[in-house]
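To start, the structure itself, in structure tokens.
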Amino acid sequence: MFKIGVLVSGGGSNLQSIIDKSQSRELQCKVEVVIGDRECYGVERAKEAGIDGYTLDRKVLKKELCREIDKIVSERGIDLIVLAGFLSIIDEEFVNKWKGRIINIHPSLLPKFGGPGMYGIRVHEAVLKAGEQESGCTVHYVDTGVDSGEIIAQKRVKVLEGDTPEILQKRVLVEEHKLLPESIAKIISERR
Ligand code: GRF
């Protein structure tokens, strides 16, 4: 079975979409482990689903945090690392070791509205401020830059009259919950 390790920092609704689809066998993989870089509901969701969850400390040195993550995912024979709302920046050594086996989901149509500091509600605020007519979400491979790796798939949503950043965020999130499992399925089928 294709084994996934998911890294989270927040609510973990994207993690939940992977758990649900793997449990219903729509997605042919096993969420083997979930790692949080802080206490967060994402790790709780894992435990509720009977998946091993670890809470690490994001305040330790980046290098040390990555070494701890590497130890856990290496020992468990993880095939793919999924960053699902993971806010710590991964160090270069880790990215190089896991190149092609680590993906991220971002709530905009990259390369637009990505890069350092572009996360959470800020992304949607920037989209509205720029007067965009559409937004969306992107799943991409992680490289040594921020939100700059090869794009795997995207989904688009319309920006509507009267949208607030929060309303747009919700509309994009609905698509994220479809895009992430679909992207993982694509990777699994390519590896077969
Ligand atoms: C999502 O919008 C994702 O694109 C971004 O962080 C958010 C995480 O949401 N990287 P959740 O924790 O999966 O609910």
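Just follow the structure's listing: the first ligand is 1, and inside any ligand the first atom is 1. What you are looking at is a predicted structure, and each value in this text was computed from that prediction instead of being measured.
Of the protein's non-hydrogen atoms, Asn14 ND2, 3.8 Å is the one closest to atom 9 (O) of ligand 1. Remark: minimum distance from atom 7 (C) of ligand 1 to any protein heavy atom is reached at Gly85 CA, 4.2 Å. Atom 2 (O) of ligand 1 has as its closest protein heavy atom Glu176 OE2, 3.0 Å.
When the side chains of ILVMFWY residues are joined at heavy-atom separations under 4.5 Å, either directly or via intervening members, Leu180 and Tyr141 end up in a single hydrophobic cluster. Residues Ile4 and Leu7 do not share a hydrophobic cluster, defined by chaining ILVMFWY side chains whose heavy atoms lie under 4.5 Å apart. The hydrophobic clustering, which links ILVMFWY residues whose side-chain heavy atoms are closer than 4.5 Å, places Ile188 and Ile18 together.
Taking every non-hydrogen atom of His106 and a distance limit under 4.0 Å, the qualifying atoms of ligand 1 come out as 4 (O). Here is the list of ligand 1 atoms found below 4.0 Å of a heavy atom in Ser13: 11 (P), 12 (O), 13 (O), 14 (O). Close approach of ligand 1 to Gly11 is summarised as follows: ligand atoms under 4.0 Å from at least one heavy atom of the residue are 12 (O).
When the options Val73, Leu80, Ile103 are evaluated for a side chain to side chain contact (heavy atoms under 4.5 Å, CB included) with Trp98, the one that passes is Val73.
By the 6.0 Å and 45° rule, Arg122 stacks over the aromatic ring of Tyr119.
Salt bridge Arg76/Asp52: present, at least one basic N to carboxylate O contact under 4.0 Å.
Ligand 1 is never approached by Cys137 to a heavy-atom distance shorter than 4.0 Å.
Checked against a 3.5 angstrom limit, the closest N/O atoms of Asn104 and ligand 1 fall outside it. At under 3.5 Å, a nitrogen or oxygen of Gly12, whether backbone or side chain, sits near a nitrogen or oxygen of ligand 1. Taking only nitrogen or oxygen atoms, main chain and side chain alike, Ile105 reaches within less than 3.5 Å of ligand 1.
Here Glu175 contributes atom CD and Cys137 contributes atom SG; the two are 6.5 Å apart, rounded to the nearest 0.5 Å.
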